[in-house]
*Asks:* 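Structure incoming, see below.
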Amino acid sequence: MKKTFLVEIGTEELPSRILYNVITIFYENFVDALNLNNIEYKKVNYFATPRRLALKILDIDSSQKIKKILKKGPSLKDSFDKNGIPTKSACSWAKHIGIKIHEANQLKNKKGAWLVYYIQQKQEKIEILLPKIVEMSLKNINIKNLMRWEINNIKFFRPVRNILMMLDDKIINKKIFNINSKNKIHNHISFKEEEIYLSHAQEYPSVLLKNSKIIADYDIRRETIKKEIKDIAKKVNGSTEINLKLLEEINSTVESPKGVLATFKKKYIKCIPNEILVYIIEKQQKCFPIYNEKKILPYFIFITNIHSKKDNQIILGNEKVMEARLSDVMFFLKKDRKTKLLDYLPLLKKVLFYKDLGTLYDKTIRLQSLVDFMSNNHKKTDLIKSAVLSKCDLITEMVFEFPELQGVIGMHYALQNQEKHEIALSIKEQYLPAFSEDILPSSLMGSILSIADKIDTLCGMFLINQVPSSNKDPFALRRAALGIIRIIINKNISLDLKFLIFNSLKIYNKKELDYISISKKIINFFKLRLLSFYEKKGYNIKVVQSVLSCQITDILDINERVKIISNFEKEKQLKPILLIIKRISNILNVYKKDINNIKININLIKIEEEKNLFKEINNFNNDIKQLLIEKKYQIILLKLKNFEKPVNNFFDRAKINHCDIEIKNNRLILLKKIKTIFFKIANFSYLY
């Protein structure tokens, strides 16, 4: 019989940052449990607000099922003797499960053969099974920071205050989190004294919208908020560029959303840079700015969680808070602008970068040296100036009050001080990318400064042994390494990691430390990041390993080899190359002790196929030097395929294990030369 099952968990306000994760994991756990118990259904809908988590299962099969339980006995060889008479262990097993030995079946697979018996058993009634599934699905939400409350020490993300479970019009009266289930819905915080009761599971969630204007559906609520924002902006001839991250946060904070228009004074638009103004409105006040052709208007939209008749009071309250915050910003900007950005530099001597790694002033000096290394005479003077100014804004009142604006404030103050636009922009872009999928610096100067800043921090932390563990990375060194990799590849910056790391370590001037050993650790750390980087992009990890094993430290070179070899693999052009090198490697492994010469003795090359192979080696060696310099790996791989015919002819006609030991060794050396040629591109042994 098809029915509708509803469960709603009413809680105190759940944190906005985890709400979506909690409901999706609850949903997934529940669906998995239904499938595991062979419970048929049409669809599962989920609902989530800050005060509720709910699932509504449509057309659930409520009939009682018969399930088969496999009872596995002893193996067949232990169940019968040589004469086919059941053993004591077989008889004991049969007696234990209540059958006669002849009633047992046999199960055979690759692992062996056993006596088995299938017991048919009625599954628990759906009214008993569903509450168990609900509780298990909630308790298996694997997100940290659970709370404990009441004397029972119950654990969940926030205290649970109400449980509703219904199967059609029937209340499933079971306890979850020590709370009895009812047909009462958890109401809006403003109407918590008013009780709403369901008469049927199908009434959910429309009854919430009707009684308390609660939009329980997470996705519908988000789209409703988005539409309201756009509609309100149109009323003042404006438009919005909705910050999706903010939209998700607001959507997880309200359950009865209403968009409201408010204003701020026009003077702030003239006095506060646009980027900072947007930051205050969005990040600090959690509101949505309104634009007119990219120019910000003196309005903002906030989302309330109540539908009040006294909107004017709510608007006035929000405008007062916005006015106070913008007034503070004006004060800090005015105070900061009395001092030139460069004049903040000496004050960096008073700010510790990190214990044993000096001050921010010391870091600034190191950055100057690093950008000098990386400049290749490209705007060297400007790059050094950008490094000098890079940390100066950290002393300002604005950054002290709003740390997230580091770099942004530096850029605006540099522009005010008539610095070149590219220098100013690099001050902002030095912190990009801030996370794994973040945007990259747009300028070359910003890219170089960003690499310098990240490599300095990374090398410094390795110097003092603050290395990330398997589950901890407090200084975000993995993120820094990944940022460097992304910038180098996307901006096509030719930069040798070994050179960069060693020079970065030397600048710290800690003579008692082994720079070479620490440098190797950092390079290995980067290799792990490169493996992760390419794996996420869908590359064959073995291809990446084959390239990294060649000990190349030029990231652009690594990237080019990985791409070309991967393309050859996809187009199935790599197979003949692998067959050649695999065959050669197998022979060399057999006779590796017999190779006692370094050079090929031309006089010992006797047969025509041997001469042709030797000629192919020489031709290739003549061509490859320039091709390697130009990183033309596609041409090199195509040339490697040319070895297929001469190598196969050589194997067909030449006897490796020749009776003349000198001829034998000479032929092995010939093969070793070919292997060396192949392994100049990648260690192909990872691929066969």
Side-chain angles (χ1 to χ4, degrees), residues 527 539-552 557-558 561-562 564-625 627-628 632-688:
K527 284 183 178 179
Y539 283 88
N540 180 350
I541 202 70
K542 290 183 179 179
V543 170
V544 184
Q545 288 172 326
S546 73
V547 174
L548 291 178
S549 66
C550 293
Q551 307 306 318
I552 310 161
D557 195 358
I558 291 168
R561 294 183 192 219
V562 168
I564 296 299
I565 294 171
S566 296
N567 287 338
F568 263 68
E569 187 186 40
K570 284 177 187 175
E571 294 167 9
K572 299 184 179 176
Q573 294 186 68
L574 199 60
K575 192 174 181 181
I577 294 172
L578 295 178
L579 288 173
I580 296 166
I581 194 61
K582 185 179 181 181
R583 192 172 182 184
I584 291 171
S585 295
N586 288 340
I587 291 169
L588 290 173
N589 286 336
V590 173
Y591 296 108
K592 59 186 173 183
K593 292 180 181 178
D594 297 336
I595 303 173
N596 49 28
N597 290 318
I598 301 170
K599 293 183 180 179
I600 296 171
N601 187 338
I602 299 171
N603 298 323
L604 293 173
I605 296 176
K606 301 295 183 183
I607 62 174
E608 191 64 28
E609 287 75 13
E610 201 171 1
K611 291 175 184 177
N612 291 339
L613 187 57
F614 181 66
K615 185 180 176 182
E616 189 68 40
I617 291 170
N618 286 334
N619 290 339
F620 187 88
N621 280 332
N622 291 332
D623 295 341
I624 198 174
K625 290 176 185 176
L627 290 172
L628 281 172
K632 293 184 177 178
Y633 299 116
Q634 185 163 352
I635 297 173
I636 294 171
L637 285 174
L638 288 169
K639 284 184 176 292
L640 287 178
K641 285 176 70 179
N642 294 338
F643 276 95
E644 185 178 9
K645 188 175 180 181
V647 166
N648 288 335
N649 289 339
F650 172 76
F651 281 130
D652 289 342
R653 293 294 308 278
K655 186 178 180 182
I656 303 297
N657 195 16
H658 199 277
C659 57
D660 186 328
I661 192 70
E662 289 187 350
I663 293 174
K664 171 188 169 183
N665 287 353
N666 205 53
R667 288 176 178 173
L668 288 171
I669 294 163
L670 194 68
L671 294 178
K672 193 171 183 181
K673 290 281 185 187
I674 299 169
K675 183 177 179 180
T676 303
I677 285 169
F678 277 61
F679 277 44
K680 282 181 179 178
I681 310 304
N683 185 343
F684 289 105
S685 64
Y686 281 92
L687 299 168
Y688 58 75

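Residue numbers count from 1 along this sequence. All heavy atoms count here, side chains included; hydrogens, waters and symmetry mates do not.
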*Asks:* Which residues satisfy the ring-ring contact (aromatic ring centres under 6.0 Å, His included) test with F614, sequence neighbours excluded?
*Replies:*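 Partners of F614 under the ring-ring contact (aromatic ring centres under 6.0 Å, His included) test: none.
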*Asks:* Looking at residues at least two apart in the chain, or sitting in another chain, which of them share a side chain to side chain contact (heavy atoms under 4.5 Å, CB included) with K615?
*Replies:* N619
*Asks:* Would you give the length of the straight line joining atom CD1 of I674 to atom CD1 of I581, rounded to the nearest 0.5 angstrom?
*Replies:* 8.0 Å
*Asks:* With sequence neighbours excluded, tell me which residues meet side-chain hydrogen bond (donor to acceptor under 3.5 Å, both in side chains) with S566.
*Replies:*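 S566 satisfies side-chain hydrogen bond (donor to acceptor under 3.5 Å, both in side chains) with no other residue.
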*Asks:* Of all residues at least two apart in sequence or in a different chain, which pass the ring-ring contact (aromatic ring centres under 6.0 Å, His included) check with Y633?
*Replies:* none
*Asks:* Kindly write out the residues that satisfy side chain to side chain contact (heavy atoms under 4.5 Å, CB included) with N603, not counting sequence neighbours, or none if the list is empty.
*Replies:*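 Listed in chain order: N601.
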*Asks:* How many angstroms lie between atom CG of L671 and atom CG of N586, to the nearest 0.5 angstrom?
*Replies:*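 Nearest 0.5 Å value for the CG-CG distance: 11.5 Å.
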*Asks:* Could you list the residues that satisfy side-chain hydrogen bond (donor to acceptor under 3.5 Å, both in side chains) with E616, not counting sequence neighbours?
*Replies:* none
*Asks:* About how many Å separate CD1 of I584 and NZ of K673, when rounded to the nearest 0.5 Å?
*Replies:* 13.5 Å
*Asks:* Taking side-chain hydrogen bond (donor to acceptor under 3.5 Å, both in side chains) as the definition, give me every residue that meets it alongside N567, ordered by chain and number, with sequence neighbours left out.
*Replies:* none
*Asks:* May I have all residue pairs that pass salt bridge (Lys or Arg N to Asp or Glu O under 4.0 Å) and include part of residues 567-590, sequence neighbours excluded?
*Replies:* none
*Asks:* Check residues 635-647 and write down every donor-acceptor pair under 3.5 Å in which the side-chain atom is one partner and the other belongs to a residue at least two apart or another chain.
*Replies:*
residue : atom : partner : partner atom : Å
K639    : NZ   : D623    : OD2          : 3.2

*Asks:* For L668 and I587, run side-chain contact (heavy atoms from CB on, under 4.5 Å): C-alpha distance rounded to whole Å, both residues' side-chain angles, the deciding distance at 0.1 Å, then the answer.
*Replies:* CA-CA 8 Å; L668 288 171; I587 291 169; 4.0 Å; yes
*Asks:* Quick one: salt bridge (charged side-chain N to carboxylate O under 4.0 Å, His left out) partners of E609, sequence neighbours excluded?
*Replies:* R653
*Asks:* Return yes when atom CD of Q634 has more than 12 non-hydrogen atoms of other residues, nucleotides or ligands closer than 6.0 Å, and no otherwise.
*Replies:* no
*Asks:* Nearest 0.5 Å, please: how far is OH in Y686 from CD1 in I541?
*Replies:*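 Those atoms lie 11.0 Å apart.
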*Asks:* Of all the heavy-atom pairs spanning C550 and A682, show the shortest one and how long it is.
*Replies:* SG-CA, 3.4 Å
*Asks:* How close do I558 and I552 get, counting heavy atoms only, and between which atoms?
*Replies:* CD1-O, 3.4 Å
*Asks:* For a 4.5 angstrom cut-off between non-hydrogen side-chain atoms, does L574 reach F684?
*Replies:*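 Result yes, sub-4.5 Å side-chain heavy-atom pair found.
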*Asks:* Side-chain contact test, heavy atoms from C-beta onward, threshold under 4.5 Å: evaluate it for L628 versus I681 and give yes or no.
*Replies:*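 The answer is yes, as the side chains (C-beta and beyond) meet within the 4.5 Å cut-off.
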*Asks:* Is any side-chain heavy atom of N666 less than 4.5 Å from a side-chain heavy atom of K606?
*Replies:*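 A side-chain contact is absent here, since even the closest heavy-atom pair is not under 4.5 Å.
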*Asks:* Which heavy atom of K655 sits nearest a heavy atom of R667, and at what distance?
*Replies:* O-NH1, 2.7 Å
*Asks:* Going from NZ on K664 to CG on N657, what distance comes out if it is rounded to the nearest 0.5 angstrom?
*Replies:* 4.5 Å
*Asks:* What pairs with F651 under ring-ring contact (aromatic ring centres under 6.0 Å, His included), at least two apart in sequence or on another chain?
*Replies:* none
*Asks:* For the residue pair L687 and L578, what are the closest heavy atoms and their distance?
*Replies:* O-CD1, 3.6 Å
*Asks:* Run the salt bridge (charged side-chain N to carboxylate O under 4.0 Å, His left out) test against K527 and tell me which residues pass, sequence neighbours left out.
*Replies:*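 Counting only residues at least two positions away or on another chain, K527 forms no salt bridge (charged side-chain N to carboxylate O under 4.0 Å, His left out).
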*Asks:* If you measure from CD1 on I602 to NZ on K611, what distance do you get to the nearest 0.5 Å?
*Replies:* 11.5 Å
*Asks:* Kindly indicate whether the side chain of S585, heavy atoms from C-beta on, has any atom under 4.5 Å from the side chain of Y688.
*Replies:* yes
*Asks:* Taking atom NZ of K675 as the centre, report whether more than 12 heavy atoms of other residues, nucleotides or ligands fall under 6.0 Å from it.
*Replies:* yes
